[in-house]
There are 2 protein chains.
Amino acid sequence: MESLRERKKRRTRDALLHAALDLFTSQGYEQTTVDEIADAVEVSQRTFFRYFAGKEEAAFAVQVIAEAHFIRAVRERPPCEPPLEALRQAVLEGWGTVNEAIASVVPVEMYLRMFRVIESTPTLLAAHLRRSVEAEEALARLLAEREGVDVETDPRPRLLVAVFGAVIRVTGRAWSSDGDLSVAAIRDLTRTYLDLVGPELIGSWRRD
Amino acid sequence: MESLRERKKRRTRDALLHAALDLFTSQGYEQTTVDEIADAVEVSQRTFFRYFAGKEEAAFAVQVIAEAHFIRAVRERPPCEPPLEALRQAVLEGWGTVNEAIASVVPVEMYLRMFRVIESTPTLLAAHLRRSVEAEEALARLLAEREGVDVETDPRPRLLVAVFGAVIRVTGRAWSSDGDLSVAAIRDLTRTYLDLVGPELIGSWRRD
DNA sequence: TTGTCAATTGTCAGACGCTGTCATTAGCCT
DNA sequence: AGGCTAATGACAGCGTCTGACAATTGACAA
């Protein structure tokens with residue numbers, strides 16, 4: 001049961017987040033000032049910074065949920081699966097259920113639009129990549145424990161996760177600059193690209 | 001022949017760069033203000049911003065040279081080599097000759113120290129990753145042209161370069177947090193990690 | 001209900017990165 | 001020497017973000 005105070009806090013946070021995402025996706029991230037966001041919710045600028053460490057944190061609030069969703073999916077994979085297969089299945093299944101994880105906070109369409117803003121705004125892209133590296137570190141430790149190897153001495157967990165993450169990023173980039181912006185489309189693209197990793201990449205590309 | 005004016009400009013730029021790197025590597029990037037850098041060279045803050053678009057640009061000035069060095073190395077690989085082999089040979093040879101490319105601007109030791117600052121400063125790490133993505137895009141187009149495939153329809157160039165870049169980043173990270181900070185050390189590590197990409201990563205890690 | 005405590009908020013001041021403007025200085029060229 | 005142009009300094013201003021303090025508001029007990 002939430003107290004009145006907590007409900008009020010949640011409401012202002014939600015209002016700030018929605019106002020921020022609305023402004024970011026409609027007029028651009030850099031073009032939106034914190035004052036604008038605060039004014040839209042009729043709170044002081046200082047209050048915005050009490051709910052979000054900065055503009056950036058508001059921009060990634062939904063991404064945080066999606067990341068947690070994906071990492072949880074990896075954790076719930078059967079331990080008998082080899083690591084790469086676990087990652088692959090987790091991300092494919094994760095795209096299928098990301099709807100439910102997000103919809104209660106923000107419409108999925110807003111999530112996808114914000115994703116494109118992140119990809120096309122240099123500052124946000126940089127932050128996104130750094131966040132990805134952090135997520136990869138967490139995943140590497142997860143896989144290392146899962147497989148019973150030491151993440152500090154065995155480079156394979158970090159290598160595998162980094163390579164996997166690289167494919168995922170290329171996928172996201174291709175998706176966000178292509179036509180079909182549905183969740184189904186990115187799922188299919190992910191499968192296609194993951195299947196390419198292997199002999200297709202290593203050898204010569206010329207005799208096809 | 002450089003005019004007096006141009007020599008003077010080059011000297012203030014060099015002085016600003018050296019002061020910046022000195023301060024960044026000794027007291028940290030975030031802890032260093034632009035005013036400090038400008039004061040150390042006895043110019044106005046405004047002048048600093050006439051030579052560098054921002055603090056960040058000063059931090060990456062040497063990295064820019066190293067990047068160009070590596071891309072040039074890839075371009076000079078024999079066209080008969082398969083793409084991954086070209087990347088591999090270029091980066092290994094690049095580490096052998098990076099000395100000469102940099103030494104005229106900054107002592108190599110400073111380059112290596114600054115590299116560690118970049119890896120350990122969130123803001124700079126983010127910028128570094130974004131820069132890497134840009135470099136990877138350039139490399140992908142290079143390889144696509146080299147192999148005669150279309151970079152817009154064939155995902156292999158971007159995929160290969162992204163995977164390769166991921167390995168390089170893991171290498172740099174492991175190197176910068178390990179003991180031996182020599183150029184030889186990172187060269188060896190690069191070779192070791194690149195050799196791991198393949199069957200070693202894909203299958204199960206358990207029965208070793 | 002009322003008073004007390006703690007949490008939330010607004011206001012103000014200020015640091016820092018960065019930009020535009022304009023007057024001043026300094027190299028260049030005839 | 002004197003005019004032209006490029007480099008610089010000084011100043012004002014915007015936007016992000018933080019610290020400090022006072023005012024407000026909900027929570028909870030007497």
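Computed over heavy atoms, backbone and side chain alike; hydrogens, waters and symmetry mates excluded. Lettering follows sequence order; numbering is per chain, from 1.
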Chemist: Per the ring-ring contact (aromatic ring centres under 6.0 Å, His included) rule, what does the pair list look like for residues 102-138 of chain A, sequence neighbours excluded?
Modeler: A:Phe115-A:Trp175

Chemist: Is the shortest side-chain N to carboxylate O distance from B:Arg173 to A:Glu136 below 4.0 Å?
Modeler: no

Chemist: If you take any heavy atom closer than 4.0 Å to DNA chain D, which residues from residues 28-59 of chain A end up in contact?
Modeler: A:Thr32, A:Thr33, A:Val34, A:Gln45, A:Arg46, A:Phe49, A:Arg50, A:Ala53, A:Gly54, A:Lys55

Chemist: Can you list every salt bridge (charged side-chain N to carboxylate O under 4.0 Å, His left out) pair that touches residues 22-46 of chain B, not counting sequence neighbours?
Modeler: none

Chemist: Output, in order, the C-alpha distance, side-chain angles, deciding distance and verdict of ring-ring contact (aromatic ring centres under 6.0 Å, His included) for B:Trp95 and B:Phe70.
Modeler: CA-CA 8 Å; B:Trp95 277 121; B:Phe70 282 116; 5.4 Å; yes

Chemist: To check you understand the geometry: which heavy-atom pair defines the closest contact between B:Arg146 and B:Ala86, and what is its length?
Modeler: NH2-CB, 3.5 Å

Chemist: Counting primed atoms plus P, OP1 and OP2 as sugar-phosphate and everything else as base, spell out the protein contacts along nucleotides 24-30 of chain C at 4.0 Å heavy-atom distance: B, S or - for each nucleotide, 5' to 3'.
Modeler: --SBS--

Chemist: Measuring to OP1 and OP2 of C:dT8, would you say a side-chain N or O of A:Lys9 lies under 4.0 angstrom away?
Modeler: yes

Chemist: Has A:His18 got a side-chain atom pairing as donor or acceptor with A:Asp14's backbone, closer than 3.5 angstrom?
Modeler: yes

Chemist: Using a 4.0 Å cut-off on heavy atoms, which residues in residues 11-23 of chain A reach DNA chain D? List them by number, or say none.
Modeler: none

Chemist: Donor-acceptor check, side chain of A:Arg158 to backbone of A:Ala140, threshold 3.5 angstrom: yes or no?
Modeler: no

Chemist: Could you tell me if the side chain of A:Phe24 sits less than 4.5 Å from the side chain of A:Leu124, heavy atoms only?
Modeler: no

Chemist: Any ion pair linking A:Asp195 and A:Arg88 (charged N to carboxylate O, less than 4.0 Å)?
Modeler: yes

Chemist: Has the side chain of A:Thr12 got a donor or acceptor atom that lies under 3.5 Å from a matching backbone atom of A:Lys8?
Modeler: yes

Chemist: Strictly below 4.0 Å, N to O, side chains only: are B:Arg156 and B:Glu147 in salt-bridge contact?
Modeler: no

Chemist: Could you tell me the boundaries of the chain B footprint on DNA chain D, defined by atoms under 4.0 Å from its heavy atoms?
Modeler: D:dT5 to D:dA10

Chemist: A side-chain contact here means heavy atoms from C-beta on lying under 4.5 Å apart; do A:Leu143 and A:Leu87 qualify?
Modeler: yes

